[in-house]
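What you see is a predicted model; the values in this text were computed from it and never measured. Both ligands and their constituent atoms are indexed starting at 1 by order of listing.
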Amino acid sequence: MNLFRYQSLGSTALVFAGALVLSLSFFAISLWEFSRTEADDRARTVQLAEAFVKQYATSHSEDMPLPAAFRRMGLENFLQTRVGDTAHAPMKIRVPGPPGRELGFTESSSHVAQKISKIAESKDVAIQHELRIENSKVIGRSIFPTIASSDVCVSCHNRELGEDVYQAGDVMGAFVVESDLTGYVVRSLAYSGVAFGLILLVYQFLAIRENRRTRAIVQLESEVQLERQRREAEAYSNFVLSHDSLTGLVRRSVFMEKLRSECSECLEHGFYLALVDLDDFKSINDSMGHDAGDALLIAVGDRLQKIAMGAAGLAARLGGDEFAILLPKSVHFPTTDSIGSKIVELVRQEVNHNNFSIRPRCSVGLIACGPGDFHNTKSLLKYADAALYVAKNSGKNQYCQFDDQVLKDLKRRSLITNALPKAIRNDELEVALQPKVCLSSGAPIEFETLARWNLDSKSVSPAEFVRIAEETGSILDLDLATLTKGARFAAATSHVIGAPVRISSNVSALGFRTPHIAEKIATCLDRAGFPADCLTIEVTESVLVENIASANESLSSLRASGVRIALDDFGAGYSSLQYLQQLVFDEIKIDRSFLQNITEDNEKHFLFLKIVEMAKGLNKEVVVEGIETQAQLDLALSSGARLGQGYLFSQPMNRTECLDYLQRSVGQQTRSQLG
Ligand code: C2E
Ligand code: CA
Ligand code: CA
């Protein structure tokens with residue numbers, strides 16, 4: 001806007017100056033025109049005057065002096081007649097000086113006299129014009145020098161003066177022709193003013209039109225700008241709505257839309273759908289902080305975007321740590337294997353955040369879709385998800401392609417999902433018991449209760465149904481049912497053998513998220529008639545780090561009732577020493593993965609020794625899980641751990657087997673005491 005104002009100010013000044021120059025020129029031209037015509041008039045006047053003088057001299061005798069008065073009279077007569085004709089102001093002819101001496105001065109204008117003297121002295125006989133303001137009038141004046149052109153003239157004048165003053169060619173005087181130009185000048189000025197005003201008026205008119213046009217343009221421009229801003233805002237809000245703010249990838253809704261269109265268009269070459277889920281993201285988030293978690297998501301998002309963009313595909317963040325990629329079949333990725341391995345390999349690259357270096361891992365579920373295959377987004381997603389599930393549960397950090405086996409697993413999972421809650425409600429689950437023993441003597445200290453379930457007369461792996469129970473929300477019921485069953489058995493057995501039987505029960509992380517878990521456990525023990533101080537509850541550390549304060553609260557109230565707390569599977573996930581210090585627990589169960597491939601003085605052994613040392617330093621009981629061989633037992637013993645569990649001592653047993661086992665070990669103990 002300012003620019004417009006400056007421009008219009010500039011052009012106004014320019015037009016103003018232009019109008020001024022124009023009107024002044026007009027004025028000047030008018031004056032010049034006047035002086036030109038006047039000069040002509042005067043020239044003719046002089047010629048006539050001279051002619052008159054000559055004629056006068058000829059008609060009289062040659063020695064006859066020519067009195068100046070005659071000349072004046074002749075001129076005046078002549079001009080009387082001319083004045084009537086002229087359109088200019090009336091003119092006055094003055095012949096200064098006494099007769100015979102025309103270089104005299106009039107009393108009215110010493111200035112004119114001076115001028116004529118100068119002409120005479122300089123012998124510059126040119127006609128001189130001047131414009132002067134005298135007595136508030138504009139006077140136009142022409143001075144015509146008269147020259148002693150003939151001897152007659154010279155002698156006549158000299159005679160008149162009584163001495164030889166003049167020679168031929170001398171300036172003897174001058175005709176001064178004056179005219180009052182005031183009216184003319186005023187008129188010229190008025191015309192110029194009118195011209196000036198007209199120019200300004202026209203300019204103003206044009207300026208107003210231009211202004212209107214400019215305003216219309218400005219208005220149009222501002223409307224265009226508003227529209228652009230509105231569109232930009234709309235595009236921005238669309239972008240925000242359709243893109244994930246953290247990773248910049250499109251959101252689920254956009255991805256689904258794209259998937260739908262790919263399905264319905266039935267691409268010529270088909271496409272791949274990959275679902276990507278980060279492994280143990282929660283543990284990373286919990287142990288390293290949310291900033292590290294965000295940095296990880298951003299890095300993974302970038303990498304997936306790179307893959308998608310390189311192959312004209314689309315990457316999306318579906319939510320949390322779940323991503324998806326849609327890729328057309330192409331030379332870049334001719335098979336699902338090529339995509340799966342590319343994703344796993346790229347995601348695996350290190351992510352550095354502050355002082356942390358994270359090695360992300362992901363599981364990928366893949367499905368290839370050719371023309372005429374699946375044209376239903378729902379089933380596509382379901383199958384890709386089933387493949388992802390298999391990848392996750394086959395040890396993570398890998399991809400799995402949807403195939404018949406995955407479909408079979410999917411069907412089985414939905415079978416278990418449907419049957420399990422009913423089986424728990426109907427008390428169809430059994431309990432197996434596996435002893436924790438004293439490593440040095442092999443004597444059982446307590447029995448871990450492990451759930452067992454047969455579906456259609458076939459046993460289902462606890463790893464399988466426990467996971468499904470966790471996923472479908474029936475895990476707490478399962479845990480409490482197993483605990484109750486184990487507690488009942490232990491209570492009954494302790495009566496049989498005449499000694500207390502301790503049990504150790506697993507409670508899932510999800511169970512610890514439900515309120516009043518301690519009361520629920522207490523209720524189970526009451527029903528089973530089992531003393532709380534004979535129970536150990538096994539929890540994984542992930543349960544506890546989710547919300548240390550509330551977990552500690554539940555654990556503390558359990559401990560207050562006499563229940564011991566064991567930290568299960570220690571070292572399997574992202575163990576944080578910081579949490580260990582804050583948590584309320586009594587026992588560490590070192591995960592059996594530590595004993596796999598352990599040899600004396602290898603890295604695992606070193607770590608194992610350090611964990612035992614640390615647990616003892618914290619004054620915690622140590623249980624070494626998964627002891628299968630004598631060599632592993634020896635290592636466990638040499639570490640200083642007191643308790644252990646594993647197939648070397650006993651497999652999990654059913655209740656009858658466990659009763660036998662107990663009776664045998666009580667007998668052994670009695671014998672060894674007696675012996
Ligand atoms: P866990 O709590 O670590 O239980 C120990 C598992 O290790 C048991 O497998 C047991 O059979 C197995 N095990 C014991 N010693 C050895 C050994 O020397 N070598 C090998 N390879 N394995 C050994 P199981 O019974 O299949 O249970 C698997 C997991 O299922 C359990 O691991 C536990 O996490 C879960 N689980 C079982 N019952 C329950 C339950 O009632 N509630 C909950 N929440 N989880 C349960
Ligand atoms: Ca356990
Ligand atoms: Ca364990």
Side-chain angles (χ1 to χ4, degrees), residues 393 416 420 423-424 427-437 439 442 444 446-454 459-489 502-514 517 520-521 524 535-543 564-573 575 585 587-598 611 621-633 635-636 641 643-654 657-658:
N393 292 300
I416 294 174
L420 184 61
I424 298 169
D427 203 18
E428 289 170 17
L429 269 68
E430 258 306 325
V431 64
L433 299 116
Q434 187 184 31
K436 286 180 189 174
V437 301
L439 286 175
E446 67 182 15
F447 291 85
E448 181 175 358
T449 61
L450 297 160
R452 294 291 178 263
W453 180 41
N454 287 343
S459 95
V460 183
S461 148
E464 190 177 13
F465 69 78
V466 164
R467 192 170 56 234
I468 294 175
E470 280 179 337
E471 285 161 11
T472 53
S474 49
I475 188 66
L476 185 59
D477 292 340
L478 187 152
D479 285 346
L480 295 178
T482 310
L483 165 66
T484 310
K485 223 160 222 180
R488 276 198 183 124
F489 167 76
R502 293 190 57 84
I503 59 165
S504 170
S505 258
N506 296 288
V507 174
S508 152
L510 298 172
F512 266 84
R513 277 189 219 149
T514 55
I517 180 74
K520 283 175 181 162
I521 290 171
C524 291
L535 174 68
T536 300
I537 290 291
E538 296 189 9
V539 289
T540 53
E541 64 185 311
S542 66
V543 183
R564 289 176 76 252
I565 306 296
L567 215 52
D568 203 1
D569 302 339
F570 185 80
S575 304
F585 68 101
E587 175 182 308
I588 285 182
K589 292 185 80 180
I590 300 175
D591 191 69
R592 67 169 181 270
S593 59
F594 270 94
L595 286 192
Q596 284 160 2
N597 307 322
I598 195 168
I611 293 172
E621 185 69 82
V622 179
V623 178
V624 182
E625 288 189 305
I627 301 175
E628 294 178 347
T629 64
Q630 187 59 45
Q632 288 171 334
L633 174 61
L635 282 175
L643 304 179
Q645 194 178 10
Y647 294 166
L648 184 68
F649 308 107
S650 167
Q651 293 254 349
M653 300 167 279
N654 64 30
E657 289 167 341
C658 187

One finds that the ligand 1 atoms under 4.0 Å from a non-hydrogen atom of Gly626 are 17 (C), 18 (O)
How does Val466 reach ligand 1, if at all, at less than 4.0 Å between non-hydrogen atoms: by side chain, backbone, both, or neither?
side chain
Have a look at Glu448 and say which of its N, O or S atoms is nearest the Ca ion (ligand 2).
OE2
Tell me which pairs pass salt bridge (charged side-chain N to carboxylate O under 4.0 Å, His left out) where either residue lies in residues 465-488, with sequence neighbours left out.
Asp427-Lys485
If you scan protein heavy atoms around atom 18 (O) of ligand 1, the nearest is Tyr647 N, 2.9 Å
Between Glu448 and Asn506, is any side-chain donor less than 3.5 angstrom from a side-chain acceptor?
yes
The closest protein heavy-atom partner of atom 10 (C) of ligand 1 is Gln434 OE1, 3.8 Å
Proximal atoms of ligand 1 relative to Leu478 (non-hydrogen, under 4.0 Å):
40 (C), 41 (O), 42 (N)
By number and element, which atoms of ligand 1 are closer than 4.0 Å to a non-hydrogen atom of Glu628?
17 (C), 18 (O), 19 (N), 20 (C), 21 (N)
Among non-hydrogen protein atoms, atom 34 (O) of ligand 1 lies closest to Asp569 OD2, 4.7 Å
Residue, atom name and distance, where the atom is the protein heavy atom closest to atom 43 (C) of ligand 1:
Asp479 OD1, 3.1 Å
Looking only at protein heavy atoms, which one is nearest to atom 8 (C) of ligand 1, and how far off is it?
Leu450 CD1, 3.9 Å
May I ask you to identify, for Glu448, whether its side chain, its backbone, both or neither come under 4.0 Å of ligand 1 on a heavy-atom basis?
side chain
Say whether Gln651 and ligand 1 are in contact under the criterion: heavy-atom distance to a ligand atom below 4.0 Å.
no
Among Val622, Leu595, Val623, whose side chain to side chain contact (heavy atoms under 4.5 Å, CB included) with Ile590 holds?
Val622
When you compare the side chains of Thr449 and Ser505, does any donor N or O come within less than 3.5 Å of an acceptor on the partner?
yes
Please work out, at 4.0 Å between heavy atoms, whether the side chain, the backbone, both, or neither of Arg592 comes within that distance of ligand 1.
side chain
Glu538, any N or O under 3.5 Å of ligand 1 N or O
no
Check for a donor-acceptor pair, side chain of Gln434 on one end and backbone N or O of Leu450 on the other, with a separation under 3.5 Å.
no
Protein heavy atom under 4.0 angstrom of atom 32 (O) of ligand 1, is there one?
no
Side chain, backbone, both or neither: Arg467 near ligand 1, heavy atoms under 4.0 Å
neither
Got a second to check how far Leu429's CG is from Phe465's CZ, nearest 0.5 Å?
5.0 Å
Got a salt bridge between Glu587 and Lys436, using NZ or NE/NH1/NH2 to carboxylate O under 4.0 Å?
yes
Identify, with sequence neighbours excluded, every residue that meets salt bridge (Lys or Arg N to Asp or Glu O under 4.0 Å) alongside Arg502.
Glu446
How close does the nearest protein non-hydrogen atom get to atom 38 (N) of ligand 1, and which residue and atom is it?
Ala451 N, 3.1 Å
Under the salt bridge (Lys or Arg N to Asp or Glu O under 4.0 Å) test, which residues partner Glu464, sequence neighbours left out?
Arg412
Give the atoms of ligand 1, by number and element, whose distance to some non-hydrogen atom of Asp568 is under 4.0 Å.
2 (O)
Validation row: Val460, Leu420 side chains within 4.5 angstrom (heavy atoms)
no
Would Phe570 and Lys589 count as a side chain to side chain contact (heavy atoms under 4.5 Å, CB included) here? Give the steps.
CA-CA 6 Å; Phe570 185 80; Lys589 292 185 80 180; 5.9 Å; no
OG1 (Thr536) and CD1 (Ile503) are apart, to the nearest 0.5 Å, by 9.0 Å
Give the minimum heavy-atom separation between Leu478 and Ala469, together with the two atoms involved.
CD1-CB, 4.0 Å
Are any of the side-chain nitrogens in Glu538 or Arg564 under 4.0 Å away from the carboxylate oxygens of its partner?
no
List ligand 1 atoms under 4.0 Å from Arg452, heavy atoms only on the residue side.
25 (O)
Lys520 vs Leu476, test: side chain to side chain contact (heavy atoms under 4.5 Å, CB included). Steps then yes/no.
CA-CA 10 Å; Lys520 283 175 181 162; Leu476 185 59; 4.2 Å; yes
Quiz question for you: does at least one protein heavy atom lie closer than 4.0 Å to atom 4 (O) of ligand 1?
yes
Where on Leu483 is there a heavy atom closer than 4.0 Å to ligand 1, on the side chain, on the backbone, on both, or on neither?
neither
For ligand 1, which atoms, with element, lie under 4.0 Å from some heavy atom of Thr482?
41 (O)
In Å and rounded to the nearest 0.5 Å, what is the CG to CZ distance from Leu433 to Phe447?
7.0 Å
Between Leu648 and ligand 1, which part of the residue brings a heavy atom under 4.0 Å of the ligand: side chain, backbone, both or neither?
neither
Out of all atoms in ligand 1, which are within 4.0 Å of some heavy atom of Pro652? Include the element for each.
11 (O)
Restricting to distances shorter than 3.0 Å, give the number of protein N, O or S atoms close to the Ca ion (ligand 3).
4
Exercise check, heavy-atom protein proximity under 4.0 Å to atom 29 (C) of ligand 1:
no
Would you say Asn654's side chain and Glu657's backbone share a donor-acceptor pair under 3.5 angstrom?
yes
Rounded to the nearest 0.5 Å, what's the gap from CG on Asn597 to CD on Gln632? Could you check?
9.0 Å
Going from CD1 on Ile588 to CG on Asp569, what distance comes out if it is rounded to the nearest 0.5 angstrom?
12.5 Å
Which residue owns the protein heavy atom closest to atom 27 (O) of ligand 1, what's the atom, and how far is it?
Pro462 CG, 3.9 Å
Ligand 1 contact by Lys589, heavy-atom criterion under 4.0 angstrom
no
About how many Å separate CZ of Phe649 and CD1 of Ile627, when rounded to the nearest 0.5 Å?
4.5 Å
Quick one: which ligand 1 atoms are inside 4.0 Å of a heavy atom on Gly646?
15 (N), 18 (O)
Distance below 4.0 Å between atom 22 (N) of ligand 1 and any protein heavy atom?
yes
